Amino acid sequence: MPHATASWLVDNTALGFDQIAEFCGLHILEVQAIADDTAGTKYTGRDPVRAHELSMDEIHKGEKDPNYSLVMLKGPDPVRRTKGPRYTPVSKRQDKPDGIAWILRNHPEISDGAIGKLIGTTRTTIAAIRDRTHWNIANIQPKDPVTLGLCSQRELDALVARAAKKAGIEAPTDNRLAGDREALIAELRLEREEANRRAEEALKAEEALFSSQNEG
């Protein structure tokens with residue numbers, strides 16, 4: 001739903017990509033991909049106003065102030081789950097081992113139980129991947145579980161922070177996409193400046209044409 005909500009906000013508001021990303025719990029580059037129609041999946045927009053999660057007044061506040069953080073009226077109705085591993089769509093289940101391998105390699109401080117809850121898997125599977133005894137170990141490639149769609153960046157960051165605090169180590173700062181974000185913002189700024197320049201040129205040309213017609 002976050003991606004569908006972001007798609008609606010991109011199409012129906014003048015909010016900044018960073019505002020939409022923060023409200024939906026996505027990375028700004030994911031919002032950019034949705035706006036550019038380059039996202040791997042095409043999303044049907046989901047109206048957060050109709051869902052009573054966001055008011056039009058709140059949207060207008062955000063449109064007027066690019067630094068304003070949108071406030072949700074209420075969260076989406078939680079999905080009631082019984083005890084057990086997190087549910088993952090069938091299409092994503094084959095990606096679980098890759099996501100588990102990535103966490104084991106990059107965040108060894110995270111417990112097996114926490115990984116199981118995040119990814120929706122069993123301790124047995126995690127242990128098999130760690131010990132390289134998994135039946136498909138030859139084909140497992142560590143991949144970011146966020147990129148695979150197995151969890152959100154917010155969930156992963158929170159888990160890393162909790163595990164780091166418990167282990168008494170400083171939580172790592174992920175700056176991998178910082179340069180991309182800065183480049184994206186710079187690109188958007190240049191596009192706005194270019195649009196303004198073209199508008200000014202068009203206005204001057206129109207004024208010159210009007211002036212020449214009057215002189216004639």
Side-chain angles (χ1 to χ4, degrees), residues 1-7 21-34 38-44 46 51 53 72 74-181:
M1 286 194 297
H3 293 83
T5 300
S7 179
E22 181 182 2
F23 178 76
C24 297
L26 303 174
H27 192 282
I28 189 172
L29 295 182
E30 292 182 273
V31 179
Q32 172 70 19
I34 291 172
T38 56
T41 303
K42 301 299 180 184
Y43 299 98
T44 300
R46 175 181 177 276
E53 295 170 8
M72 183 179 289
K74 72 175 184 68
D77 294 333
V79 177
R80 302 296 179 186
R81 283 183 20 215
T82 55
K83 290 184 178 180
R86 176 189 187 127
Y87 174 76
T88 305
V90 175
S91 60
K92 295 289 183 184
R93 291 179 192 175
Q94 62 186 10
D95 296 328
K96 283 186 179 184
D98 292 346
I100 295 168
W102 186 92
I103 295 176
L104 291 175
R105 185 184 69 181
N106 292 280
H107 298 288
E109 71 277 10
I110 297 178
S111 69
D112 288 2
I115 296 174
K117 290 180 180 179
L118 180 71
I119 302 297
T121 189
T122 64
R123 293 173 184 266
T124 302
T125 298
I126 297 169
I129 294 172
R130 176 186 286 109
D131 300 338
R132 300 191 65 79
T133 57
H134 190 279
W135 67 271
N136 196 33
I137 194 65
N139 297 314
I140 294 176
Q141 298 292 328
K143 294 178 183 176
D144 189 332
V146 176
T147 303
L148 294 173
L150 297 173
C151 64
S152 70
Q153 187 66 56
R154 184 173 295 177
E155 288 175 315
L156 179 60
D157 289 346
L159 182 60
V160 171
R162 285 197 301 270
K165 183 177 180 180
K166 188 174 182 180
I169 60 177
E170 185 177 349
T173 301
D174 188 354
N175 293 317
R176 291 172 301 164
L177 297 175
D180 291 340
R181 182 179 185 279

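It should be emphasised that the depicted structure is a prediction, and the values quoted were computed from it without experimental measurement. Values reported hereafter were calculated over all heavy atoms of this structure, with side chains retained and with hydrogens, waters and symmetry mates removed.
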From the list I126, I129, L159, T125, side chain to side chain contact (heavy atoms under 4.5 Å, CB included) with I115 holds only for I126

Quick one, H27 and Q153 - any side-chain contact, counting heavy atoms below 4.5 Å? no

Flag the pair K165 and E109 as a salt bridge only when some basic side-chain nitrogen lies within less than 4.0 angstrom of an acidic carboxylate oxygen. no

In Å and rounded to the nearest 0.5 Å, what is the CD to CG distance from Q141 to D98? 7.0 Å

Give the minimum heavy-atom separation between G99 and L148, together with the two atoms involved. N-CD1, 3.7 Å

List the residues meeting side chain to side chain donor-acceptor pair (under 3.5 Å) with R130, not counting sequence neighbours, and say none if there are none. D112

Nearest 0.5 Å please: distance from the CG atom of L104 over to the CD1 atom of I110. 9.0 Å

Under 6.0 Å from the CZ atom of R132, do we count more than 12 heavy atoms belonging to anything else shown? no

Rounded distance [0.5 Å steps], CG in L29 versus CD1 in I34: 11.5 Å

Residues R46 and A51: closest non-hydrogen pair is NH2-CB, 3.6 Å

Taking the side chain as every heavy atom from C-beta outward, state whether V146 and C151 have any pair of such atoms under 4.5 Å apart. yes

H107 to W102 - nearest heavy-atom pair and separation: CD2-CZ3, 3.8 Å

Is the shortest side-chain heavy-atom distance between I103 and I119 below 4.5 Å? yes

Measure the shortest side-chain to side-chain distance between L26 and H3 over non-hydrogen atoms and say whether it is less than 4.5 angstrom. yes

Is there a donor-acceptor pair closer than 3.5 Å between any side-chain N or O of R154 and the backbone N or O of E22? yes

Evaluation steps, salt bridge (charged side-chain N to carboxylate O under 4.0 Å, His left out), between E155 and K117: CA-CA 11 Å; E155 288 175 315; K117 290 180 180 179; over 6 Å; no

Atom of E53, atom of F23 and distance for their closest heavy-atom approach: O-CZ, 4.2 Å

Enter the distance from C24:SG to E30:CD here, rounded to the nearest 0.5 Å. 10.0 Å

